[in-house]
Visitor: 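Sending over a structure as structure tokens; questions will come in a sec.
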Amino acid sequence: MRYLLNSAVITRPGRYTYRLIDLAEAREWLARGPVASRVGYPETADFIHQALGVRVPLSREASAMEPGDEALVVRLKYRVADPSLKGRVAPGPDDWEVGLLVMEEV
């Protein structure tokens, strides 16, 4: 399974690797096939559309990665200091990090 996430969440025990990737590699990863969106924030979906050219549906559905699963993680580099401002302050393009999370086979 391939996921698109807005945080690098470890949902079950196992061995994972996570590495940062650039936008070109993220576009290549997305071009390789379908993904299940677990992006729950409109701001993240907007950044993905602007930076990667892909519209993703919002979903708060849980994901449980299995060995061999991969996830493209698009997340803010920081936590919003005041939770009441979440969704009200637009992050800039340099506020984002893109990485690849892989649950390894054991």
Side-chain angles (χ1 to χ4, degrees):
M1 185 77 170
R2 293 164 27 98
Y3 295 97
L4 186 55
L5 307 175
N6 52 235
S7 64
V9 178
I10 305 302
T11 58
R12 63 173 15 146
R15 187 175 317 151
Y16 296 79
T17 59
Y18 180 74
R19 65 183 177 86
L20 297 180
I21 62 174
D22 61 25
L23 295 178
E25 188 175 350
R27 285 185 202 98
E28 290 172 12
W29 188 90
L30 284 167
R32 286 198 289 266
V35 297
S37 174
R38 298 299 186 262
V39 174
Y41 299 103
E43 296 81 11
T44 307
D46 290 344
F47 174 76
I48 291 168
H49 180 243
Q50 292 169 5
L52 302 175
V54 175
R55 289 197 187 276
V56 296
L58 295 180
S59 172
R60 303 290 296 173
E61 186 178 341
S63 58
M65 292 179 73
E66 299 285 341
D69 286 354
E70 297 182 348
L72 184 68
V73 179
V74 179
R75 68 184 199 99
L76 281 174
K77 294 178 182 177
Y78 57 85
R79 291 182 60 96
V80 176
D82 181 351
S84 69
L85 297 177
K86 206 171 201 176
R88 295 183 191 180
V89 177
D94 293 333
D95 293 332
W96 298 94
E97 166 180 295
V98 180
L100 188 62
L101 177 68
V102 178
M103 186 174 188
E104 296 178 6
E105 303 280 350
V106 285

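Note that the numbering runs from 1 along the sequence shown for the chain. Side chains are part of it too, since the values below use all heavy atoms of this structure and drop only hydrogens, waters and symmetry mates.
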Visitor: Find out if a path of hydrophobic residues (ILVMFWY) with successive side-chain heavy-atom gaps under 4.5 Å connects Val73 to Leu76.
Guide: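 No, separate clusters.
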Visitor: Using the rule that Ile, Leu, Val, Met, Phe, Trp and Tyr join whenever any side-chain heavy atoms are under 4.5 Å apart, tell me whether Trp96 and Val39 fall into a single cluster.
Guide: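 Shared cluster, yes.
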Visitor: What heavy-atom pair brings Ser37 and Ser59 nearest, and what distance separates the two atoms?
Guide: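 Smallest interatomic distance, heavy atoms only, reads O-CB, 3.2 Å.
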Visitor: Excluding sequence neighbours, so at least two apart, what forms salt bridge (Lys or Arg N to Asp or Glu O under 4.0 Å) with Arg55?
Guide: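 By the salt bridge (Lys or Arg N to Asp or Glu O under 4.0 Å) rule, Arg55 matches no residue at all.
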Visitor: Is Val98 close to Leu23 at the side-chain level, that is, under 4.5 Å between some pair of heavy atoms?
Guide: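 With C-beta onward as the side chain, the pair touches.
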Visitor: For residues 3-13, pull every pair meeting side-chain hydrogen bond (donor to acceptor under 3.5 Å, both in side chains), keeping only residues two or more places apart or in separate chains.
Guide: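 Listed by first then second residue: Arg12-Glu66.
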Visitor: Which one of Arg19, Lys77, Arg75 satisfies the salt bridge (Lys or Arg N to Asp or Glu O under 4.0 Å) criterion with Glu97?
Guide: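 Among Arg19, Lys77, Arg75, the one meeting salt bridge (Lys or Arg N to Asp or Glu O under 4.0 Å) with Glu97 is Arg75.
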Visitor: Using only atom types and a distance under 3.5 Å, with no angle test, would you say the side chain of Asp69 pairs donor to acceptor with the backbone of Met1?
Guide: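 Yes, because the side chain of Asp69 sits within donor-acceptor range (under 3.5 Å) of the backbone of Met1.
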Visitor: Please name the pair of heavy atoms, one in Leu5 and one in Ser63, separated by the smallest distance, quoted to 0.1 Å.
Guide: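 Closest approach of Leu5 to Ser63: CD2-OG, 4.0 Å.
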Visitor: Kindly say whether Ala51 contributes a backbone atom to a donor-acceptor pair with the side chain of Arg27 at under 3.5 angstrom?
Guide: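 Yes, because the side chain of Arg27 sits within donor-acceptor range (under 3.5 Å) of the backbone of Ala51.
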Visitor: Write down the atom of Tyr41, the atom of Arg60, and the distance for their closest heavy-atom approach.
Guide: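 Shortest heavy-atom contact: CZ-NH1, 3.6 Å.
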Visitor: Same cluster or not: Phe47 versus Val35, using hydrophobic residues (I, L, V, M, F, W, Y) connected whenever any side-chain heavy atoms lie under 4.5 Å apart?
Guide: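 Same cluster: Phe47 reaches Val35 through Ile, Leu, Val, Met, Phe, Trp or Tyr contacts under 4.5 Å.
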Visitor: Do the side chains of Thr44 and Val56 get nearer than 4.5 Å, heavy atoms only?
Guide: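 A side-chain contact under 4.5 Å is absent here.
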Visitor: For Ala45 and Leu58, which heavy atoms make the closest approach, and how far apart are they?
Guide: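 That closest heavy-atom pairing would be CB-CD2, 3.8 Å.
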Visitor: Could you check whether any side-chain N or O of Arg2 sits under 3.5 Å from a backbone N or O of Pro34, counting only pairs where one atom can act as donor and the other as acceptor?
Guide: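 It does hold such a pair.
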Visitor: Would you say Met103 ends up clustered with Leu20 if hydrophobic residues are merged whenever their side chains have heavy atoms under 4.5 Å apart, either directly or through other cluster members?
Guide: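 Per the 4.5 Å side-chain linkage, Leu20 and Met103 are co-clustered.
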Visitor: Is there a path of hydrophobic side-chain contacts, each under 4.5 Å between heavy atoms of I/L/V/M/F/W/Y residues, joining Val9 to Leu72?
Guide: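 Cluster IDs for Leu72 and Val9 differ.
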Visitor: For Glu104 versus Pro67, what's the shortest heavy-atom pair and its separation?
Guide: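 So the minimum-distance heavy-atom pair works out to O-CB, 3.7 Å.
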Visitor: List the residues meeting ring-ring contact (aromatic ring centres under 6.0 Å, His included) with Trp29, not counting sequence neighbours, and say none if there are none.
Guide: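 For Trp29 there are no ring-ring contact (aromatic ring centres under 6.0 Å, His included) partners, ignoring immediate neighbours.
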Visitor: Is the shortest heavy-atom distance from the side chain of Glu70 to the side chain of Val102 under 4.5 Å?
Guide: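 SC-SC contact between Glu70 and Val102 confirmed.
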Visitor: Please report the shortest heavy-atom distance between Gly99 and Tyr18, naming the atom on each side.
Guide: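 Where Gly99 meets Tyr18 most closely, the heavy atoms are CA-OH, 3.6 Å.
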